Amino acid sequence: MAATKELLMLENFIGGKFLPCNSYIDSYDPSTGEVYCKVPNSGKEEIEAAVEAAREAFPAWSSQSPQGRSQVLNRIADLLEQSLEEFAQAESKDQGKTLTLARTMDIPRSVQNFRFFASSILHHTAECTQMDHLGCMHYTVRSPVGVAGLISPWNLPLYLLTWKIAPAIASGNTVIAKPSELTSVTAWMMCKLLDRAGVPPGVVNIVFGTGPRVGEALVSHPEVPLISFTGSQPTAERITMLSAPHCKKLSLELGGKNPAIVFEDAVLEECIPATVRSSFANQGEICLCTSRIFVQNSIYHEFVKRFVEATRKWKVGIPSDPSASMGALISKTHLEKVRSYVKKARAEGAQVLCGEGVDQLSLPPRNQAGYFMLPTVITDIKDDSCCMKEEIFGPVTCVVPFDNEEEVIQRANSVKYGLAATVWSSNVGRVHRVAKKLQSGLVWTNCWLIRELNLPFGGMKSSGIGREGAKDSYDFFTEIKTITVKH
Ligand SMILES: NC(=O)C1=CN([C@@H]2O[C@H](COP(=O)(O)OP(=O)(O)OC[C@H]3O[C@@H](n4cnc5c(N)ncnc54)[C@H](O)[C@@H]3O)[C@@H](O)[C@H]2O)C=CC1
Ligand SMILES: N/C(=C\C=C\C(=O)O)C(=O)O
């Protein structure tokens with residue numbers, strides 16, 4: 001670990017030690033566009049060292065009792081919580097999100113991830129069946145898989161990384177984690193807590209760098225039998241290809257093109273603020289964010305008027321501004337990509353009602369080169385437009401009218417993704433009926449992003465493979481065996 005006066009220098013964490021790297025990648029502060037940090041540009045060599053450390057640590061860690069591992073996880077949670085403010089400041093600077101969101105969502109949820117799996121690991125049971133007529137009983141046992149490869153994205157850096165590390169080590173695996181090269185700082189900070197929490201060297205290894213270089217070295221390594229990945233669909237395809245020769249266990253949490261369906265009996269006082277939040281929280285950079293809003297014809301015009309009014313109050317500001325609801329997007333490239341979608345929508349004849357190209361962004365001089373964009377609402381857009389089909393992953397949402405239930409279900413399901421949907425209606429029967437018919441791994445009705453960590457989380461269709469949660473993560477991070485005993 002080292003910090004020069006100007007630039008924060010990160011180091012890999014392998015076998016319980018911080019190790020420098022031969023080359024480094026620039027990491028930018030999204031709110032200013034300035035380089036402020038250097039991230040190791042690791043490759044095969046670092047992965048070899050991490051695999052060796054993780055393999056060496058595996059026998060002792062996997063034979064500890066679940067209670068012993070649980071205590072270690074609880075200590076990580078406590079230490080993280082004691083440093084919540086420091087982590088929130090770092091996450092906000094590194095990612096561009098508001099400090100308020102990092103304080104109230106990212107870091108508390110990271111703490112909760114450790115506490116949750118510290119507890120859930122204590123409550124799993126195995127199956128047992130009898131065949132008395134043959135004098136047999138059968139039962140199952142589960143064992144950790146070995147060295148787990150964990151690859152996480154830049155939108156919820158510590159939140160999603162800990163959602164993988166916590167269940168993996170709770171189940172007795174040792175891990176090699178590769179955070180996004182765009183947001184590596186809080187993962188590196190967390191490494192500094194591990195020794196104090198009682199994590200033995202080699203149980204958690206964190207190797208920094210780019211996907212094509214160090215990510216692929218991790219995915220291709222024959223001694224890493226399992227990969228848990230959250231990120232984009234093209235990267236998931238590549239990971240699947242590289243894993244195929246080794247038949248690795250894969251969990252893929254990918255993108256979404258999430259619909260909100262607003263029926264005429266929705267309580268708009270609740271639906272509108274919640275849908276503004278579901279569209280623009282974390283700059284729209286959450287795979288669960290709403291990006292297609294279907295509104296029943298009879299309330300369409302009223303909804304659009306009130307939704308645009310509420311969106312205009314969703315303030316974009318520097319991440320430390322307590323009155324800001326949105327900070328900066330992750331990178332210049334991403335900002336340009338998101339803006340290009342609005343441009344394409346305009347060229348197709350859609351209406352941009354607020355935000356990009358309509359309203360003025362006001363920023364302090366120091367932040368003029370930051371990657372900021374206003375929340376943008378598009379209407380008069382066809383279902384087959386790229387803005388209605390592709391994941392934009394930014395603060396852009398489309399609002400379109402619909403007539404009836406059958407039609408809206410068909411239109412909501414007409415994209416390749418199937419991650420998260422919301423349904424707004426006061427009719428309980430309709431809420432259940434529609435939720436059942438939506439092709440979506442998660443459906444929130446009359447709410448958004450209320451998470452129950454016990455239950456399965458994940459997507460259908462191109463939104464991914466597998467589910468994570470208390471039992472699902474345990475199943476994924478362990479191998480099951482059926483044993484028959486003749487007595
Ligand atoms: N959870 C989600 O749904 C996310 C979706 N995205 C989508 O992906 C788009 C591109 O964002 P990216 O940062 O480029 O996502 P990405 O899928 O390339 O990156 C996610 C993680 O995978 C790693 N990675 C990249 N290529 C890899 C490879 N060949 N082998 C192994 N690991 C690899 C990255 O370094 C990062 O840690 C976004 O605009 C957004 O649409 C991005 C992040 C999260
Ligand atoms: N996987 C993502 C979000 C998960 C949220 C949660 O587990 O609560 C994502 O945005 O990529």
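Everything quoted here is computed from the prediction, not taken from an experiment. Counting convention: from 1, in listed order, for ligands and their atoms alike.
Shortest contact from atom 15 (O) of ligand 1 to any protein heavy atom: S232 OG, 3.8 Å. Protein heavy atom nearest atom 30 (N) of ligand 1, with residue, atom name and distance: E216 CG, 3.4 Å. For atom 42 (C) of ligand 1, the closest non-hydrogen atom of the protein is F393 CE2, 3.9 Å. Looking from atom 22 (O) of ligand 1 to the surrounding protein, the closest heavy atom is F229 CE1, 3.2 Å. Of the protein's heavy atoms, K337 NZ, 3.7 Å lies nearest to atom 38 (C) of ligand 1. Of all protein heavy atoms, the one lying nearest to atom 33 (C) of ligand 1 is G211 CA, 3.2 Å. Of the protein's heavy atoms, W154 NE1, 4.7 Å lies nearest to atom 14 (O) of ligand 1.
Side-chain contact annotation: E391 with S291, donor-acceptor N/O pair under 3.5 Å absent. Side-chain contact check for T235 and S232: at least one donor-acceptor pair (N or O, by modelled atom type) lies under 3.5 Å.
Considering backbone and side-chain atoms together, K178 places an N or O closer than 3.5 Å to an N or O of ligand 1. For the pair R238 and ligand 1, the shortest N or O to N or O distance does not fall below 3.5 Å. Between T210 and ligand 1, no pair of N/O atoms sits closer than 3.5 Å. Polar contact check, S152 against ligand 1: a nitrogen or oxygen pair lies under 3.5 Å apart.
The pair K38-D26 meets the salt-bridge criterion, since a charged nitrogen lies less than 4.0 angstrom from a carboxylate oxygen.
The L254 neighbourhood of ligand 1 comprises atoms 3 (O), with distances under 4.0 Å to a heavy atom of that residue.
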Full working for salt bridge (Lys or Arg N to Asp or Glu O under 4.0 Å) between D383 and R292 = CA-CA 9 Å; D383 286 6; R292 297 179 293 150; over 6 Å; no
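Applying the salt bridge (charged side-chain N to carboxylate O under 4.0 Å, His left out) definition to pairs two or more places apart or across chains, those involving residues 85-102 are D29-K93, E85-R103, K97-D106.
For E336, the side-chain hydrogen bond (donor to acceptor under 3.5 Å, both in side chains) test picks out K332, with sequence neighbours left out.
Between atom 43 (C) of ligand 1 and the options G459, S220, P153, G149, the minimum heavy-atom separation is to P153. By heavy-atom distance, the residue among L288, L242, L329, T230 lying nearest atom 1 (N) of ligand 1 is T230. The heavy atom nearest to atom 23 (C) of ligand 1, out of those in V338, I151, L160, is found in I151.
When heavy-atom distances to ligand 2 are checked against 4.0 Å, the residues falling inside are R109, N155, L156, Y159, L160, T230, I286, C287, L288, R451, F457, ordered by chain and number.
At a 4.0 Å cut-off, not a single heavy atom of E285 sits close enough to ligand 1 to count as contact.
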Sequence neighbours excluded and cut-off under 3.5 Å, please list the side-chain donor-acceptor pairs for residues 201-218, or say none.
residue	atom	partner	partner atom	Å
N205	OD1	G15	N	2.8
N205	ND2	V175	O	3.1
N205	ND2	G202	O	2.9
T210	OG1	R213	N	3.3
R213	NE	N41	O	3.4
R213	NE	N41	OD1	3.3
R213	NE	S42	O	3.2
R213	NH2	N41	O	2.9
E216	OE1	R238	NH2	2.9
E216	OE2	R238	NE	2.8

